[in-house]
Amino acid sequence: MSSRIAFLKGHGTENDFVIVPDPENAIDLSPAAVATLCDRRAGIGGDGLLHVVRSAAHPEAREMAAQAEWFMDYRNGDGSIAEMCGNGVRVFARYLQRAGYVGEGDLAVATRAGVKSVHIAKAVSHSGPAAGDVTVGMGKAVLPDGPESDVTVSVGEHSWPARNVNMGNPHAVAFVDDLDQAGDLFTPPPFTPESAYPDGVNVEFVVDRGPGHVAMRVHERGAGETRSCGTGACAVAVAAARRDGADPAATGTPATYVVDVPGGRLVITERADGEIEMTGPAVIVAEGEIDAQWLEERLQSA
């Protein structure tokens, strides 16, 4: 390992990430190393880590290399591997733009949940997306049938029915009267049936703000409460649409929801073909170098 490892720090609606550029997949990022780097007191700090690798250089992405040059090897803040991160894809694309690998316009990004289409808007004012916003094609939502289609989540003595929505990763969406009812969200809210989410779940608590406008808080697997969750906002928009009687695949009419998160605002559109698009900001705030000797010593002392 080199004595210095380049890194950047970025966020999408304050869902923040350590970014480690590693085009040839030469850096060994163990779960413990990721957790150390994401530590907010003793490390750089982040909800997760974006390992930037060329698809052809990563064993999990080689089959996608013909479709997407770059693979988002995403890790949760505790070092565990995640299938997908919607805010992370936007920040990942912003890094590629900053590094000169891509420009404004369309690109494809490989993830463990498949290849995602991304559009980087021009940095000018117009009536469409806000200046420089990034739009990500998030794929289609999967709404499980049968006994696992609806689940129950709990916080303390309160319990709510929740909608099971899969966006490449699992979500339980509960509509509540007040976001404070979600508690501190330090620990994962209990859910039933356990069979619905064998690998854990992201839990969203949602309130209405107006027609086509909701607000949410989220507990993310492996990270606790985060300021934003892109796949969670998509799951919330789908759950809200179904609750409101809207199914674009059945009606042919797209459904758009504004989703407020603690860190900002996202706009989610479910198209008539079932594809979901998420638009929001992505910001790089810093870059520097990690002292590899410090990291090795931290890992040895753990």
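The first residue of the sequence shown is numbered 1, and numbering continues consecutively from there.
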Asn164/His171 under side chain to side chain contact (heavy atoms under 4.5 Å, CB included): CA gap, chis, key distance, verdict: CA-CA 6 Å; Asn164 186 343; His171 296 270; over 6 Å; no
Between Val18 and Leu50, is there a side-chain heavy-atom distance shorter than 4.5 Å? no
So, taking the atom named CE in Met167 and the one named SG in Cys234, what distance separates them when rounded to the nearest 0.5 Å? 4.5 Å
Compare every heavy atom of Pro248 with every heavy atom of Arg271, then report the nearest pair and how far apart it is. O-CB, 3.4 Å
Distance-only, no hydrogens or angles: does the Arg112 side chain make a donor-acceptor pair with backbone N or O of Tyr74 under 3.5 Å? yes
Salt bridge (Lys or Arg N to Asp or Glu O under 4.0 Å) for Glu204 and Arg217? Distances and angles first, verdict last. CA-CA 6 Å; Glu204 288 80 25; Arg217 290 177 62 198; over 6 Å; no
Within this structure, what is the CG-CD distance for the pair Leu295 and Gln300, rounded to the nearest 0.5 Å? 10.0 Å
Report yes if some heavy atom in the side chain of Pro59 is under 4.5 Å from a heavy atom in the side chain of Asn25; otherwise report no. yes
Consider side-chain contact (heavy atoms from CB on, under 4.5 Å). Of Thr226, Val173, Val203, which one does Val218 pass it with? Thr226
Please give me the minimum heavy-atom distance between Gly86 and Val136, naming the atom from each residue. O-CG2, 4.5 Å
Fit a plane to each ring of Trp70 and Tyr101, take the angle between them on a 0 to 90° scale, and name the class: parallel (under 30°), tilted (30 to 60°) or perpendicular (over 60°). tilted
Atom CD of residue position Glu63 - does it have more than 12 heavy atoms of other residues, nucleotides or ligands inside 6.0 Å? no
List the steps, then state whether salt bridge (Lys or Arg N to Asp or Glu O under 4.0 Å) holds for Arg242 with Asp244. CA-CA 5 Å; Arg242 298 302 181 275; Asp244 296 341; over 6 Å; no
Kindly determine whether His119 and Glu104 satisfy side chain to side chain contact (heavy atoms under 4.5 Å, CB included), including the steps that lead there. CA-CA 7 Å; His119 180 82; Glu104 297 168 344; over 6 Å; no
Show your working on salt bridge (Lys or Arg N to Asp or Glu O under 4.0 Å) between Asp208 and Arg243 and close with a plain yes or no. CA-CA 12 Å; Asp208 288 298; Arg243 179 204 61 175; 2.8 Å; yes
Regarding His213 and Asp260, is there a side-chain donor-to-acceptor distance under 3.5 Å anywhere? yes
Can you give me every donor-acceptor pair (side chain of residues 37-46, partner residue at least two apart or in another chain, under 3.5 Å) with its distance?
residue : atom : partner : partner atom : Å
Asp39   : OD1  : Arg41   : N            : 2.7
Asp39   : OD1  : Ala42   : N            : 2.8
Arg40   : NH1  : Asp16   : OD2          : 2.9
Arg40   : NH2  : Asp16   : OD1          : 2.6
Arg40   : NH2  : Asp16   : OD2          : 3.3
Arg40   : NH2  : Asp47   : OD1          : 3.0

Could you give all pairs that pass the salt bridge (Lys or Arg N to Asp or Glu O under 4.0 Å) test and reach residues 152-177, with sequence neighbours left out? none
Are any non-hydrogen side-chain atoms of Thr13 and Arg265 less than 4.5 angstrom apart? no
Minimum heavy-atom distance Val151-Ala172, with the two atoms named: CG2-CB, 4.1 Å
Hydrophobic clustering (ILVMFWY, side-chain heavy atoms < 4.5 Å, transitive) - are Leu266 and Met84 grouped together? yes
For Phe71, enumerate each residue passing the ring-ring contact (aromatic ring centres under 6.0 Å, His included) test, keeping only those at least two apart in sequence or located in another chain. His58
Would Val20 end up clustered with Trp294 when hydrophobic side chains under 4.5 Å apart are linked, directly or stepwise? yes
Set out, in order, the CA-CA distance, both residues' side-chain angles and the distance that settles salt bridge (Lys or Arg N to Asp or Glu O under 4.0 Å) for Glu24 and Arg54, then state yes or no. CA-CA 6 Å; Glu24 303 311 317; Arg54 282 196 168 90; 3.2 Å; yes
Where do Asn202 and His219 land on the side-chain hydrogen bond (donor to acceptor under 3.5 Å, both in side chains) test, with the steps shown first? CA-CA 6 Å; Asn202 304 293; His219 178 280; over 6 Å; no
Please round to the nearest 0.5 Å and tell me the distance separating atom CD1 of Ile268 and atom CE of Met138. 7.0 Å
Using the rule side-chain contact (heavy atoms from CB on, under 4.5 Å), only one of Val89, Val91, Leu96, Val52 pairs with Met72; which is it? Val89
So which atom in Val165 and which in Ala141 form the shortest heavy-atom distance, rounded to 0.1 Å? CG1-CB, 4.0 Å
How about Phe205 and Trp160: are their ring centres within less than 6.0 Å of each other? yes
Do Leu185 and Val207 sit in the same hydrophobic cluster, where Ile, Leu, Val, Met, Phe, Trp and Tyr count as joined when their side-chain heavy atoms come under 4.5 Å apart? yes
Min side-chain heavy-atom separation Val267-Met278 under 4.5 Å: no
Verify the cluster assignment for Phe17 and Ile81: are they in a single hydrophobic cluster under the rule of side-chain heavy atoms below 4.5 Å apart? no
Give me the atom names and distance for the closest heavy-atom approach of Glu277 to Thr135. CB-CG2, 4.1 Å
If you round to the nearest 0.5 Å, how far is CD of Glu69 from OG of Ser55? 8.0 Å
Derivation and outcome, side chain to side chain contact (heavy atoms under 4.5 Å, CB included), residues Thr279 and Val134: CA-CA 6 Å; Thr279 298; Val134 179; over 6 Å; no
Using the side-chain hydrogen bond (donor to acceptor under 3.5 Å, both in side chains) rule, take Ser80 and Asp78 through it: C-alpha gap first, then chi angles, then the decisive distance, then the call. CA-CA 6 Å; Ser80 60; Asp78 66 353; 2.6 Å; yes
Is there a donor-acceptor contact under 3.5 Å from the side chain of Arg94 to the main chain of Val283? no
Any side-chain heavy atom of Val285 sitting closer than 4.5 Å to one from His11? yes
Does the Gln181 side chain pair with the main chain of Asp178, one donor and one acceptor, at a distance under 3.5 Å? yes
So do Asp133 and Pro281 actually touch side chain to side chain, heavy atoms under 4.5 Å? yes
Arg90 side chain vs Gly280 backbone, donor-acceptor pair below 3.5 Å: yes
In terms of heavy-atom contacts, Asp199 and Arg221 come closest through O-NH1, 3.2 Å
Rounded to the nearest 0.5 Å, what separates atom CZ in Arg4 from atom CD in Gln293? 9.0 Å
For Glu220 and Asn15: C-alpha separation, side-chain torsions, deciding distance, then whether side chain to side chain contact (heavy atoms under 4.5 Å, CB included) applies. CA-CA 11 Å; Glu220 289 196 63; Asn15 193 187; 3.9 Å; yes
Should Glu270 and Lys140 count as an ion pair when the cut-off is N to O under 4.0 Å? no
Would you find more than 12 non-hydrogen atoms of other residues, nucleotides or ligands less than 6.0 Å from Asp184 atom CG? yes
How many angstroms lie between CG in Leu49 and CD1 in Ile19, if you round to the nearest 0.5 Å? 9.0 Å
Mind checking whether Val118 and Met64 sit in one hydrophobic cluster, side chains of I, L, V, M, F, W, Y counted as touching below 4.5 Å? no
